[in-house]
Amino acid sequence: MRHIKQVILVLVVLFSTQLIYGADAHKDDASEEFDPMEMIMHHIADTHEWHVISYTNGEGHKVNITLPLPIILIYQGQFNVFMSSAFDHGHKVVKKGDVYYKLYHEKIYVTDADGTIHYDDHHNVKNAKPWDFSITRNVGSMFLSVLLLLWLFISAARKYGSTPSTPKGLQSFLEPLILFVRDDIAVAQIGKEKAGRFMPFLMTVFFFIWINNLIGLIPFFPGGSNLTGNISVTMLLAMITFLITNFSGTKSYWGHIFWMPGVPVPIRILLSFIEFIGLFTKPFALMIRLMANITAGHIIILSLFSLIFVMKSVAIAPVSILMGLMMFMLELLVAVLQAYIFTLLSALFIGMAVHEEEH
Amino acid sequence: MEGLSLTTIGLGLIIIGAGYGIGRIAQSAMEAMGRQPEISSKIQTAMIIAAALIEGAALFAIVVALMKG
């Protein structure tokens with residue numbers, strides 16, 4: 001408790017930097033009419049370049065500093081790798097072989113030499129799309145989190161020698177968390193004998209989601225990407241849970257799904273339909289829950305900061321900062337809570353699947 | 001800002017329903033914890049699971065509302 005003042009000070013300074021960055025990025029947009037919706041959606045979406053900082057230089061020009069990321073495309077058997085700076089923020093058409101690529105609203109399309117985009121009646125783009133395996137901002141952020149996790153856990157694991165000793169440093173931070181995942185999630189839901197098999201998965205999911213939620217909350221350069229709020233990422237995580245659950249299902253688990261014991265036959269048939277659909281809705285809910293919670297958090301925080309630029313007043317800034325700080329605190333809780341819920345529900349589904357008949 | 005649409009009203013209804021449901025769960029869980037503090041960790045886990053299931057249903061509705069809207 002002695003350090004509580006310093007901690008609060010550091011947090012206030014840390015989280016108010018978001019505001020300064022926001023101000024830099026949109027200083028000269030004020031004349032053009034600042035559109036909060038566009039700014040927020042741009043932040044939520046994945047991008048092909050990593051925005052570092054924007055500022056207005058001495059001559060009044062806006063300077064954007066971005067980190068170009070590699071673009072990897074496959075189109076009609078043609079394999080292309082180049083940096084996203086070749087697109088010049090979507091202003092230039094890139095020619096590779098005899099194919100022209102254009103970056104249009106963060107999607108890459110195949111166009112003609114002028115970069116013409118064709119629309120159908122519903123204003124959807126008709127141009128062909130190459131297969132896009134690019135290292136986008138989200139992928140870059142994921143690599144960063146993986147490196148961070150490897151460093152954290154390998155350096156902590158090295159300290160466990162043959163002779164037991166008191167945990168020190170990183171160890172004493174990670175050990176209670178690992179024990180929490182083991183005892184309160186895995187063992188509690190799956191049971192003592194079988195929990196060990198699923199521990200690596202549950203641990204990975206818990207720490208991967210948590211660290212990515214936290215990286216998403218860092219307001220400046222290497223952080224701030226909306227990775228766990230991206231539906232493809234959560235879909236893959238939920239799909240892994242789905243596969244593990246169903247591949248480790250016991251006879252009694254499948255029996256309870258397709259031929260529920262102890263009920264009349266017509267209801268068994270009805271229940272088997274419902275249970276079969278339930279197989280898919282469970283991971284679907286996992287996917288949507290994580291995505292919606294994290295994206296909603298990002299949208300709320302950015303909306304609070306947009307308030308200053310919408311109102312065009314400095315007087316609103318203290319209110320905005322305070323409410324933003326409160327949201328950041330709440331998001332710190334949500335970050336760990338969503339990781340916990342995802343892991344807990346995964347463990348619960350696995351526990352239901354591996355449960356052996358006792359009665 | 002195109003005025004009040006049916007989607008907006010629907011989203012409001014979803015929030016009312018989910019909020020009421022999760023509120024009831026929290027209320028019952030807290031009463032149970034008050035009666036039997038020694039098993040409060042078990043109650044807490046059950047509470048979070050039930051709340052997560054309601055939240056899941058609410059999120060389905062939100063996704064459908066946003067897709068239709």
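A quick note: this is a predicted structure, and the numbers were derived from the prediction, not measured. In what follows, chains carry the letters A, B, and so on, assigned in the order in which the sequence lines appear, proteins first and then strands, with residues in each chain numbered from 1.
Both the backbone and the side chain of A:I288 come within less than 4.5 Å of a heavy atom of chain B. There is no contact between A:L286 and chain B, counting heavy-atom distances below 4.5 Å. Contacts between A:D184 and chain B at a heavy-atom distance below 4.5 Å are absent for every atom of the residue.
Remark: A:F276 CZ is loosely packed, at most 12 non-hydrogen atoms of other residues, nucleotides or ligands lying under 6.0 Å away. In A:Y119, the OH atom is crowded: over 12 heavy atoms of neighbouring residues, nucleotides or ligands sit closer than 6.0 Å. Residue A:F280 qualifies as enclosed at atom CZ: its count of foreign heavy atoms under 6.0 Å is above 12. Within 6.0 Å of atom CE in A:M352, more than 12 heavy atoms from other residues, nucleotides or ligands are found, so the atom counts as buried in its surroundings.
Residue with the most contacts toward chain B among A:R289, A:Q189, A:M37: A:R289 (heavy-atom pairs, distance under 4.5 Å).
Along residues 16-55 of chain B, the residues that come nearer than 4.5 angstrom to chain A, judged on non-hydrogen atoms, are B:T45, B:I48, B:I49, B:A52, B:L53, B:E55 in order of number.
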